[in-house]
Number of protein chains: 4
Amino acid sequence: MSPRADALRNRARVLAAADEVFVEHGSTASTEEVARRAGVGVGTVFRHFPTKEALRDAVYAERLRRVGEEASRLADNTDAGAAFHEFFELLAGTSGPNQALTEALAASATDDQDVRGSLGVLLDRAQRAGAVRSDVGVDEVIALLIGATQATTWTADVSLRGRTLNIILDGLRPH
Amino acid sequence: MSPRADALRNRARVLAAADEVFVEHGSTASTEEVARRAGVGVGTVFRHFPTKEALRDAVYAERLRRVGEEASRLADNTDAGAAFHEFFELLAGTSGPNQALTEALAASATDDQDVRGSLGVLLDRAQRAGAVRSDVGVDEVIALLIGATQATTWTADVSLRGRTLNIILDGLRPH
Amino acid sequence: MSPRADALRNRARVLAAADEVFVEHGSTASTEEVARRAGVGVGTVFRHFPTKEALRDAVYAERLRRVGEEASRLADNTDAGAAFHEFFELLAGTSGPNQALTEALAASATDDQDVRGSLGVLLDRAQRAGAVRSDVGVDEVIALLIGATQATTWTADVSLRGRTLNIILDGLRPH
Amino acid sequence: MSPRADALRNRARVLAAADEVFVEHGSTASTEEVARRAGVGVGTVFRHFPTKEALRDAVYAERLRRVGEEASRLADNTDAGAAFHEFFELLAGTSGPNQALTEALAASATDDQDVRGSLGVLLDRAQRAGAVRSDVGVDEVIALLIGATQATTWTADVSLRGRTLNIILDGLRPH
DNA sequence: AATGAATGAGGTTTCATTCAT
DNA sequence: GATGAATGAAACCTCATTCAT
């Protein structure tokens, strides 16, 4: 009934298309390509995101939101150490497409308090469970997530990815 | 004074200029900017490197060469563990411009046997000295160099960079 | 309360808004801006004026109507010469926003008989009073109004505007 | 022999084409249209004039130069009054395309000292000859040139143009 | 070999106009 | 009738690449 429903749906479609296209071709991909993928005209993309930069920011913000969601979801896990490790594997590990999430962490200043909060809980519980050394904070975790993502992105060799990630996780263990 | 000498000198100047410009503005910087920095015309850039991609590849290859050089130089150090750590700090640590070297590792497939050889020596000696765990190979080291670079690039906070790098190096220690 | 009343009111609001916006930003201002100023949607603007050009023409026609009104109002003045001079000063003189009225004269072919009639009366009375030379007609007056407007628009210097306008009015005096 | 010869010729061709196109369609005409008229690619236009605004300014500057030239040429005329009148007729009178010259006067701030100088000489000599009233300066003349141009542009009726221009020139006569 | 002017495809953005709600 | 989201042509501008000098 409301015209907003359609508009919101289009906004979401554009955002999803931009996410996909940015994953495939980087955020320098043309706005026309994003529009084509979303099945809308260029004008529609610019109506929702008045600038290329605004579109990129929105994509990153949405990804950050999903990072926070994943962290929150895992924080419910009874084994806090396993949850922390799973989080790393999810974002930086063998599963490819999720790596885009980490790009958002790298791109934004990450003063996003929601994400920091979710990560903080996850980290705190892992530290209390004795699974992560106590002298690291959220910032180190973010830096290492970014690093681990890039490290594993470099190679297509899945087992190498796993070994590399484990080295980083070993560095995070107490002592 | 032979024409070939001039040509070679120009090639080197273009390469050096491209390296500088790419460090400053990324490899999306215009070829015109590279030519200006090198003090030559665009035509000259394209004579030596027929494509933007060829120029970028050449810059990366040159950087890789320097990575190998650094590794070789440090391999002479009597303290093999210290040499290994210094290498990491040099490429991924607090010192900014050297990080461009790691970009080359990340960008190329790194089947460059010279670099692999130099790194192999450095790693092997550190492992024999008991400073690095024995279950890692050159590939893991490359992946971690890339990761450490990105992790430390993310933040401008120098002390955070140091702490992050140390976590990765801790992960590389025996046990 | 009848639907037609609403529609007419909207038409008037759009017209007024367009006039304002065109004065401020020229007639290249976007229709969206006009709609915003009028407090209606773009669709409403296009319902009343099917084309940008139609809107501009309507604005000019409305301005012409106001030119005629001013001329008629001044024609009642007992001092016909003063009325004629005041008319020039009103449209082309120091007072800024009224200059938009003259734009309408310049833009349209000005075969508008109402305006020509009102101007004719004003001119005729001034000529009978001996304030304006007898060898000029309405067309010359219109041309000079346009010219005087542009001449005074050129500079922000108010006293220069006045002196320029006076020269033109001197040219219109008998002998 | 020098590559500059061709470049300069192209610059001149672009400038000439822009002048023509701006006369025909106003200075909002597209740069592509200018390029097409000049027989070059868009890139060439932007190489010589990095901005649309820069192109417009260059066109106006060139027109101003021609205004100054005309004024200087006429200043040699023995009959100073006739020279002054001829100048007005040339710029604002019946001859159509020259009106573009006046547009440049209107568009620029006209702090161009060359033009002011040339006009000053022409005016001064006319005043000394008793053909122009002594209480007007260069600014009034410029304003009136602009006004006369717009006044005569309004109509296609050549005799009306002449009569309008004469009224303005009458206003400039002593007493 | 070197130069840098020329080219034109392609990218971002705006805006008149249409049309589903 | 009104709304404003969607459309896509067109504008400005950039830049890799070519080529005449």
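Owing to the predicted nature of the structure, the values given are computational and were not obtained by experimental measurement. Worth knowing before you read on, the calculation uses all heavy atoms, side chains too, and leaves out hydrogens, waters and symmetry mates.
- Ranking F:dA2, F:dC12, E:dA2 by closeness to the D:F46 side chain, first place goes to F:dC12.
- One atom, CZ of A:R36, and another, P of F:dT7, lie 14 Å apart when rounded to the nearest Å.
- The interatomic distance linking C:R13 (CZ) with F:dT3 (C1') rounds to 14 Å, in whole Å.
- A salt bridge does not link C:E69 with C:R66: every distance from a Lys NZ or Arg NE/NH1/NH2 to an Asp or Glu carboxylate oxygen is 4.0 Å or more.
- As a whole-Å value, the separation of A:L8 CG from E:dT21 C1' is 15 Å.
- The side chain of B:H48 places no N or O atom within less than 4.0 Å of a non-bridging phosphate oxygen (OP1 or OP2) of E:dA1.
- Among the nucleotides F:dT7, F:dT3, E:dT7, the one closest to any side-chain atom of D:V40 is E:dT7.
- Relative to the side chain of C:V42, the nucleotides F:dT17, F:dG4, F:dA2 differ in distance, and F:dG4 lies closest.
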Return one dot-bracket line describing DNA chain F 5' to 3' (Watson-Crick or G-U wobble pairs, both distances under 3.5 Å; ( ) same strand, [ ] crossing, | another strand, . none). .||||||||||||||||||||

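- Residue D:N10 has its side chain nearest to E:dA6 when only E:dT13, E:dA6, F:dT3 are considered.
- No donor-acceptor distance shorter than 3.5 angstrom exists from the side chain of C:T102 to the backbone of C:L145, with no hydrogens or angles considered.
- Mapping C:G43 and D:G43 onto DNA chain E by nearest heavy atom places D:G43 closer to the 5' end of the strand.
- Put simply, CD on B:E33 is 16 Å from C1' on E:dG4, counting in whole angstrom units.
- Expressed to the nearest 0.5 Å, how far OG1 of B:T110 lies from CG of B:L64 amounts to 6.0 Å.
- Rounding to the nearest 0.5 Å places CG of D:L105 at 10.5 Å from CZ of D:R63.
- As a whole-Å value, the separation of C:H25 NE2 from E:dC15 P is 11 Å.
- The nearest whole Å value for the distance from the CZ atom in B:F49 to the C1' atom in E:dA2 is 15 Å.
- Atoms CG and CZ, from D:L15 and D:F49 in turn, are 4.5 Å apart once rounded to the nearest 0.5 Å.
- Nearest-nucleotide assignment on DNA chain F puts the 5′-proximal partner with D:K52, out of B:T51 and D:K52.
- Map B:R47 and C:A29 each onto its nearest nucleotide of DNA chain E; the residue landing nearer the 5' end is B:R47.
- One can place CZ of B:R9 at 10 Å from P of E:dA2, the figure rounded to the nearest angstrom.
- The CD-C1' distance, from B:E32 to F:dT17, rounds to 11 Å in whole Å.
- With A:T149 contributing its side chain and A:Q99 its backbone, the two residues share no donor-acceptor pair below 3.5 Å.
- Distances shown here put every side-chain N or O of A:S30 at or beyond 4.0 Å from the OP1 or OP2 atom of E:dG10.
- Taking 4.0 angstrom as the limit, A:T31 places none of its side-chain polar atoms (N or O) nearer than this to OP1 or OP2 of E:dG11.
- Under a 4.0 Å N-O distance rule, the pair A:E33/A:R36 qualifies as a salt bridge.
- Side-chain proximity of D:T44 to the nucleotides E:dA2, F:dA5, E:dA6 is greatest for E:dA6.
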Please report the C-alpha distance between D:E103 and D:S27 in whole Å, then the side-chain angles of each, then the deciding distance to 0.1 Å, and finally whether the side-chain hydrogen bond (donor to acceptor under 3.5 Å, both in side chains) criterion is met. CA-CA 10 Å; D:E103 208 182 300; D:S27 68; 5.3 Å; no

